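Working notes for the structure below.
Ligands are counted one by one from 1 in listed order, and the atoms in each one are counted from 1 as well. Since the structure is predicted, the reported quantities are computational estimates derived from the model, not experimental observations.
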Amino acid sequence: MKGKLENNSEKIYGGIEAGGTKFVCAIGTGPNDLRAREKFRTTNPKETLNHAIGFFKNYSYKQLTAIGIASFGPLDLNISSLTFGYITSTPKPEWANTDILGIIKSALNVPVAIDTDVNGAALGEYRFGSAKNLENFIYLTIGTGIGGGAMINGKLVHGLLHPEMGHIRIPHDREKDPFPGLCPYHSDCFEGLASGPAISSRWGKPAQELPDNHPAWELEAHYIALALTSYICTLSPERIILGGGVMERTVMLPLIRGEVQKLLNNYISKPEITKNIDNYIVTPELGKYAGVLGAIALAEEKANCEAGNKS
Ligand code: ZN
């Protein structure tokens, strides 16, 4: 593999998409320049992280400028914490209290950045996809769970922990929808009512098997639109990107756009919403490489930040 990365002044990044079921590692600088990529199953931490480390070592890792990790969580992202960069209390067997950042950093000896998978995906869209040139936007994934990342004034929001956009409360008309919700903490929060498993459980069959004209999708669009109007009114995003398995159903996007306009009722009288909502609520651009490109974007940000600190 020598020779591939021989130009020392060139900045090349490593990305690790650390998912609960699969890991994806890649080397490159963006969507048109992924020089190596490998996908493997997530097993126990030792085996999985060794596999990732081996991937980078095989590709002359010493020449990487930085590595980014976009990981499943929950994660400790408080830089003053002793367990910064750890996967903390996950129910995933053997992964609780895993120092994912520390293990990668000490094995490969390059600057390493870490963030949540959804923040990684948001940063990837900002750098390479649907949110290019926007400093205020939201990335929401609606699938097995619901998670969101927010960029405000060019920075991903972390704050106390990180946003948990899937767990906001939304109006739930129990006469129209008696389904009690699935969230183990809140029952009928947004995720409890509108995740993929909630759809399957409410209608008694896998969401994928429900036809496009099933009332499930209209109700789903209503719940998503309720959540989006709350984010629009509080965070004032310039665009909203909706990803995840539920959004692969193409009838959803137009239903959500229409419902958002109806719920806002022209109160926010900006043409982005009243006239051009097709460009305001969109799907991600990066497709199946979104996760690992997000990780590469995290690495790039880390490298720029370190360069800034030195100058
Ligand atoms: Zn909840």
For E272, look at atom CD and say whether over 12 heavy atoms of other residues, nucleotides or ligands are found less than 6.0 Å away. yes
Show all protein N/O/S atoms under 2.8 Å from the Zn ion (ligand 1), or state that there are none. H167 ND1, C183 SG, H186 ND1, C189 SG
From the list I170, I256, I199, side-chain contact (heavy atoms from CB on, under 4.5 Å) partner of Y223 resolves to I170
In terms of side-chain heavy atoms, does T88 have a donor or acceptor partner in D76 at a distance below 3.5 Å? no
Would F72 and W95 count as a close aromatic pair, with their ring centres under 6.0 Å? yes
Measure the acute angle between the ring planes of F137 and Y126, then classify it against the limits of 30° and 60° as parallel, tilted or perpendicular. parallel
Looking at E301 and R127, is any side-chain nitrogen of the basic one under 4.0 Å from a carboxylate oxygen of the acidic one? no
